[in-house]
K.L.:
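Please see the structure below; I have some questions.
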Amino acid sequence: MKLATWNVNSLKVRLPHLLDWLAAAQPDVVCLQETKLTDDAFPAAEIAAAGYQAAWSGQKTYNGVALLSRAPLSSRSPGRPKNDLAPTGGGSDDFPEPGALTEVQAGIPGFEDEQKRVLAATVDGVRVVCVYIPNGQAVDSDKYHYKLRWLGALTAWLADELKRHPRLALLGDYNIAPDDRDVHDPAAWEGQILVSERERARFQGLLDLGLQDAFRRFEQPEKSFSWWDYRAAGFRRNLGMRIDHILLSAPLAAGCTACVIDKAPRKLERPSDHTPVWAETS
DNA sequence: ATGGCTGCTTTGAGCAGA
């Protein structure tokens, strides 16, 4: 199963890039962040025409997450958007069709949050959790404390999810660079947002659940990043950060054969500031 | 040293992103 994550920074603007990338990369499951679309505006028909069923949870202007799953020919039904909090046509949750998104959950249960940042679903026995972790803006700001509180709630919920779903993958924009290797200029960024000690401790808290950073299971090029600032020619100069991650529970990590940052979409005209990351698991 | 770009917003300057 090829699992991918991509912060598209407006699905309305980036839909052509997404459709091209689905055709080129052929992922089985895709987690999208920053769709910035209300639910009624989600481009379900275009995505269905590309062979993917979808679930989504959005809002106006900010945030917004979605899950795509490559649907086998038999269960494709173009023109019937299937945001299946109440699944239709994918079989029952007990006997889902291959590729079906079941047990769809938006948000962290019990954590009040108007911001649409979490979407989980089960696909072929894998619990896939798509997250857009808060940015935090500046260390010790209100948004920073919200980020830390949010990560605490996520971690507590995932501890529970892992009991029921030993095969679990957590993908998304974490807004945390876990290590100095993941920062173009660690000295300049020391103690700043995305790299502060408390943020990195929360990332470690996710690893302490038994999750593993798929990217670091393999030898990787130096200065591998997943986001580059639009300003100051960040991409051309490779002034980036690795803040988009795929964490896998032990059974999935054991069967993981590759994890790659695909820089191709970042080279296109009018790109997202993030580029896709994918992992292949058996 | 600073800000540098992009997307969005009841449209136009300000916010947010990271």
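First the proteins, then the strands, lettered A, B, ... as listed; each starts at 1. Small disclaimer: the values here were computed from a predicted structure and weren't measured.
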K.L.:
Scan for side chain to side chain donor-acceptor pair (under 3.5 Å) pairs involving residues 14-27 of chain A, sequence neighbours excluded, and state none if there are none.
P.N.:
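Checked against side chain to side chain donor-acceptor pair (under 3.5 Å) - neighbours excluded - the pairs reaching residues 14-27 of chain A are Trp21(A)-Asp262(A), Gln26(A)-Arg70(A).
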K.L.:
Could you give the CD-to-P distance, from Gln115(A) to dA16(B), as a whole number of Å?
P.N.:
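Distance check: Gln115(A) CD to dA16(B) P gives 11 Å.
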K.L.:
Over how many whole Å does the gap from Lys36(A) atom NZ to dG17(B) atom C1' extend?
P.N.:
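Those two atoms, NZ and C1', are 7 Å apart.
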K.L.:
Report the residues that fulfil side-chain contact (heavy atoms from CB on, under 4.5 Å) with Thr155(A), sequence neighbours left out, ordered by chain and then residue number.
P.N.:
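Only Leu206(A), Leu209(A) meet the side-chain contact (heavy atoms from CB on, under 4.5 Å) criterion with Thr155(A).
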K.L.:
Using the P atom as the point on both nucleotides, what is the distance between dG17(B) and dT2(B), in whole Å?
P.N.:
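22 Å, rounded to whole Å.
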K.L.:
Among residues 264-274 of chain A, which ones have heavy-atom contacts with DNA chain B below 4.0 Å?
P.N.:
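Arg270(A), His274(A) - these, ordered by number, are the residues of the stretch whose heavy atoms sit under 4.0 Å from the strand.
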K.L.:
Heavy atoms only, 4.0 Å cut-off, all strands: where does Asp244(A) land among base, sugar-phosphate and nothing?
P.N.:
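The residue Asp244(A) makes no contact with any strand.
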K.L.:
Using the C1' atoms only, state how far dG12(B) lies from dT6(B), rounded to an integer number of Å.
P.N.:
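To the nearest whole Å, 16 Å.
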K.L.:
Please tell me which of Ala233(A) and Pro134(A) maps to the more 5' nucleotide of DNA chain B, matching each residue to the nucleotide holding its nearest heavy atom.
P.N.:
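By nearest-heavy-atom nucleotide position, the 5'-most residue is Ala233(A).
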K.L.:
Tell me: CZ of Arg14(A) to P of dG7(B), nearest whole Å?
P.N.:
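Arg14(A) atom CZ is separated from dG7(B) atom P by 5 Å.
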K.L.:
Side chain of Ser10(A), heavy atoms from C-beta onward: which of dG7(B), dT10(B), dA16(B) has the nearest atom to it?
P.N.:
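Nearest to the side chain of Ser10(A) among the choices is dG7(B).
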K.L.:
Keeping Ser272(A) on the side-chain end and Asn7(A) on the backbone end, is there a donor-acceptor pair under 3.5 Å?
P.N.:
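Between the backbone of Asn7(A) and the side chain of Ser272(A) there is a qualifying donor-acceptor contact (under 3.5 Å).
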K.L.:
Would you tabulate the pairs of protein nitrogen or oxygen atoms and nucleotide nitrogen or oxygen atoms of nucleotides 2-4 of chain B closer than 3.5 angstrom?
P.N.:
| residue | atom | partner | partner atom | Å |
| --- | --- | --- | --- | --- |
| dG4(B) | N7 | Arg231(A) | NH1 | 3.4 |

K.L.:
Taking side chain to side chain donor-acceptor pair (under 3.5 Å) as the definition, give me every residue that meets it alongside Trp278(A), ordered by chain and number, with sequence neighbours left out.
P.N.:
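Trp278(A) satisfies side chain to side chain donor-acceptor pair (under 3.5 Å) with no other residue.
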K.L.:
When clusters are formed from ILVMFWY side-chain contacts under 4.5 Å, directly or step by step, what else is grouped with Val13(A)?
P.N.:
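ILVMFWY cluster around Val13(A) holds nothing else.
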K.L.:
Could you give the distance separating dG14(B) and dA18(B) at their P atoms, to the nearest angstrom?
P.N.:
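Going atom to atom, P in each nucleotide, I get 22 Å.
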K.L.:
Is the side chain of Arg200(A) donor-acceptor paired with the backbone N or O of Ala177(A) at a distance under 3.5 Å, no angle test?
P.N.:
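Confirmed, Arg200(A) side chain pairs with Ala177(A) backbone.
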K.L.:
Looking at the base of dA18(B), is there any donor atom on it, or on the side chain of Asn175(A), that sits under 3.5 Å from an acceptor on the other one?
P.N.:
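Side chain to base: no pair below 3.5 Å.
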K.L.:
Please tell me if Asn7(A) has a side-chain N or O lying less than 4.0 Å from either OP1 or OP2 of dG17(B).
P.N.:
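Asn7(A) to dG17(B) OP1/OP2: no side-chain N or O under 4.0 Å.
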K.L.:
Please state how far atom NZ in Lys147(A) lies from atom P in dG17(B), giving the value in whole angstrom units.
P.N.:
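From Lys147(A) NZ to dG17(B) P: 10 Å.
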K.L.:
For dA18(B), take OP1 and OP2 only and decide whether either is under 4.0 Å from a side-chain N or O of Asn135(A).
P.N.:
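Answer yes for this pair, as a side-chain N or O of Asn135(A) is under 4.0 Å from OP1 or OP2.
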K.L.:
How would you list, by chain and number, every residue that makes a side chain to side chain donor-acceptor pair (under 3.5 Å) with Lys147(A), sequence neighbours excluded?
P.N.:
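Side chain to side chain donor-acceptor pair (under 3.5 Å) check on Lys147(A) returns Glu199(A).
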K.L.:
For a quick check of understanding: with a heavy-atom distance under 4.0 Å over all strands, which category does Lys143(A) fall into, base, sugar-phosphate or nothing?
P.N.:
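Since only primed, P, OP1 and OP2 atoms lie under 4.0 Å of Lys143(A), the category is sugar-phosphate.
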K.L.:
Considering residues at least two apart in sequence or located in another chain, which fulfil the side-chain contact (heavy atoms from CB on, under 4.5 Å) criterion with Arg127(A)?
P.N.:
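Applying side-chain contact (heavy atoms from CB on, under 4.5 Å) to Arg127(A) gives Glu103(A), Gln105(A), Ala120(A), Thr122(A), Val129(A), Glu161(A), His165(A), Leu168(A).
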K.L.:
Using the test ring-ring contact (aromatic ring centres under 6.0 Å, His included), find all partners of Phe42(A) that sit at least two apart in sequence or belong to another chain.
P.N.:
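Expected list: Trp56(A).
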K.L.:
May I ask you to say what Tyr174(A) touches in the nucleic acid, namely base, sugar-phosphate or nothing, with a heavy-atom cut-off under 4.0 Å?
P.N.:
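Answer is nothing: Tyr174(A) stays at 4.0 Å or more from every strand.
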K.L.:
When you check the glycosidic angle of dG12(B), does it come out syn, meaning within 90° of 0, or anti?
P.N.:
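Here dG12(B) takes the syn form, which means its glycosidic angle is within 90° of 0.
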K.L.:
Please work out which residues in residues 179-195 of chain A have a non-hydrogen atom less than 4.0 Å from an atom of DNA chain B and list them by number.
P.N.:
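Leu194(A), in order of number.
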K.L.:
Nearest-Å distance, CH2 (Trp228(A)) to C1' (dT6(B))?
P.N.:
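From Trp228(A) CH2 to dT6(B) C1': 16 Å.
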K.L.:
Can Tyr146(A) and Ser141(A) be said to form a side-chain hydrogen bond (donor to acceptor under 3.5 Å, both in side chains), step by step?
P.N.:
CA-CA 9 Å; Tyr146(A) 163 69; Ser141(A) 65; over 6 Å; no
K.L.:
Tell me which pairs pass side chain to side chain donor-acceptor pair (under 3.5 Å) where either residue lies in residues 131-140 of chain A, with sequence neighbours left out.
P.N.:
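For residues 131-140 of chain A, and leaving out neighbouring residues, the side chain to side chain donor-acceptor pair (under 3.5 Å) pairs sorted by first residue read Glu34(A)-Tyr132(A), Asp140(A)-His145(A), Asp140(A)-Arg198(A).
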K.L.:
Answer yes or no: is there a donor N or O on one side and an acceptor on the other, between the side chain of Asp182(A) and the main chain of Met241(A), under 3.5 Å?
P.N.:
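No: the side chain of Asp182(A) does not pair with the backbone of Met241(A).
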K.L.:
Give the rounded distance in Å between these two atoms: CG of Asn63(A) and P of dG7(B).
P.N.:
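So the CG-P distance, Asn63(A) to dG7(B), works out to 17 Å.
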K.L.:
Could you give the distance separating dT10(B) and dC5(B) at their P atoms, to the nearest angstrom?
P.N.:
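Between the two P atoms, the distance is 25 Å.
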K.L.:
When rounded to the nearest Å, what value does the distance between C1' atoms of dA1(B) and dG7(B) take?
P.N.:
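So the two C1' atoms sit 27 Å from each other.
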K.L.:
Distance check needed: dC15(B) P versus Lys60(A) NZ, whole Å only.
P.N.:
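About 17 Å, once rounded to whole Å.
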K.L.:
Nearest whole Å is fine: how far is dC15(B) P from Asp142(A) CG?
P.N.:
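That distance rounds to 16 Å.
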K.L.:
Go through the structure and list residues passing ring-ring contact (aromatic ring centres under 6.0 Å, His included) with Trp157(A), not counting sequence neighbours.
P.N.:
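With neighbours one apart ignored, the set is empty.
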